Enquirer: 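Can you keep this structure in mind? I'll have questions shortly.
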Amino acid sequence: QVQLVESGGGLVQAGGSLRLSCAASGRTFSRYVVGWFRQPPGKEREFVAAITWSGGWTDYADSVKGRFTISRDNAKNTVYLQMNSPKPEDTAVYYCAAANQMVRIEWRYDYWGQGTQVTVSS
């Protein structure tokens, strides 16, 4: 069992920066792929980024590539999402999730956090 808790959300101006954290507890967290997803208002949840357990392979949605960076510190059981130059369309509830494989498919992720709200003002 893995428990995930997101933090770091809030209000940010377009062009600014924000860092989200996903703190994990439970067994063998370092063996899991961790992904970030988001759900914009009135829309379905979508993939944002993912990182392998070693941190050696990352994957990004085209909409955030070059602006967001995912990283992890297994010693701290934490995964980060650095959001640079956010846009108003990045406004969403952001979730972190853990899976056994490097995938973008939501239902392949077994463990989910409760989400953190990010609002980007123009």
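Just so it is clear, the structure is predicted and the values come from calculations on it, not from any experiment. Residues: numbered from 1 along the sequence shown.
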Enquirer: Starting from F47 and following side-chain heavy-atom contacts under 4.5 Å between hydrophobic residues (I, L, V, M, F, W, Y), which residues can be reached?
Expert: V33, F37, W57, V93, Y95, M102, V103, Y109, W112
Enquirer: Do L20 and E6 come close enough that some side-chain heavy atom pair is under 4.5 Å?
Expert: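 No; the side chains remain at least 4.5 Å from each other.
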Enquirer: Within a strict 4.5 Å, meaning less than it, do heavy atoms of the E44 and E106 side chains meet?
Expert: no
Enquirer: Taking only residues two or more places apart in sequence or in another chain, which ones pass side chain to side chain donor-acceptor pair (under 3.5 Å) with D59?
Expert: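 Expected list: R104.
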Enquirer: My understanding is that only residues two or more places apart in sequence, or in another chain, count here; which of them pass salt bridge (Lys or Arg N to Asp or Glu O under 4.0 Å) with R72?
Expert: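 Partners of R72 by the salt bridge (Lys or Arg N to Asp or Glu O under 4.0 Å) criterion come out as none, since no residue qualifies.
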Enquirer: Spell out, as yes or no, whether a donor-acceptor pair under 3.5 Å connects the side chain of N74 to the backbone of W53.
Expert: yes
Enquirer: If I compare all heavy atoms of L4 with all of A24, which pair ends up nearest, and what's the gap?
Expert: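 Here L4 and A24 meet closest at CD2-CB, 3.6 Å.
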Enquirer: Taking side chain to side chain donor-acceptor pair (under 3.5 Å) as the definition, give me every residue that meets it alongside R31, ordered by chain and number, with sequence neighbours left out.
Expert: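 So R31 forms no side chain to side chain donor-acceptor pair (under 3.5 Å) with any residue.
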Enquirer: For D90 versus R67, what's the shortest heavy-atom pair and its separation?
Expert: OD2-NH1, 2.7 Å
Enquirer: Would you tabulate the side-chain donor-acceptor contacts of residues 115-122 under 3.5 Å, counting partners in other chains and residues two or more places apart, or write 'none'?
Expert:
from	atom 1	to	atom 2	distance (Å)
T116	OG1	G9	N	3.3
Q117	NE2	A92	O	3.4
Q117	NE2	T119	OG1	3.4

Enquirer: Quick one: list whatever passes side chain to side chain contact (heavy atoms under 4.5 Å, CB included) with S63, sequence neighbours left out.
Expert: R38, A61
Enquirer: If you look only at pairs with a residue in residues 89-122, which of them pass as a disulfide (SG to SG under 2.5 Å), with sequence neighbours excluded?
Expert: C22-C96
Enquirer: Looking only at heavy atoms, what is the nearest atom pair of S17 and N84, with distance?
Expert: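 Smallest heavy-atom distance, with atoms named: CB-OD1, 3.5 Å.
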Enquirer: Considering non-hydrogen atoms only, spot the tightest contact between G16 and P86 and give its length.
Expert: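 Shortest heavy-atom contact: O-CD, 3.0 Å.
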Enquirer: Which residues pass the side chain to side chain donor-acceptor pair (under 3.5 Å) test with Q101, not counting sequence neighbours?
Expert: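 Q101 satisfies side chain to side chain donor-acceptor pair (under 3.5 Å) with R108 once adjacent residues are dropped.
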Enquirer: Show me the pairs that pass ring pair (Phe, Tyr, Trp, His ring centres under 6.0 Å) and involve residues 58-93, at least two apart or across chains.
Expert: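 Qualifying pairs: none.
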Enquirer: Does any pair with a residue in residues 36-80 pass disulfide (SG to SG under 2.5 Å), and if so which ones, sequence neighbours excluded?
Expert: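 Those involving residues 36-80 do not exist here.
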Enquirer: Would you say CD of E46 has more than 12 non-hydrogen atoms from neighbouring residues, nucleotides or ligands within 6.0 angstrom?
Expert: yes
Enquirer: If you measure from CD on Q3 to CG on N77, what distance do you get to the nearest 0.5 Å?
Expert: 11.0 Å
Enquirer: If I compare all heavy atoms of Y111 with all of V2, which pair ends up nearest, and what's the gap?
Expert: CD2-O, 3.5 Å
Enquirer: Could you list the residues that satisfy salt bridge (Lys or Arg N to Asp or Glu O under 4.0 Å) with E89, not counting sequence neighbours?
Expert: none
Enquirer: Report the residues that fulfil side chain to side chain donor-acceptor pair (under 3.5 Å) with K65, sequence neighbours left out, ordered by chain and then residue number.
Expert: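 Side chain to side chain donor-acceptor pair (under 3.5 Å) list for K65, sorted by chain: D62.
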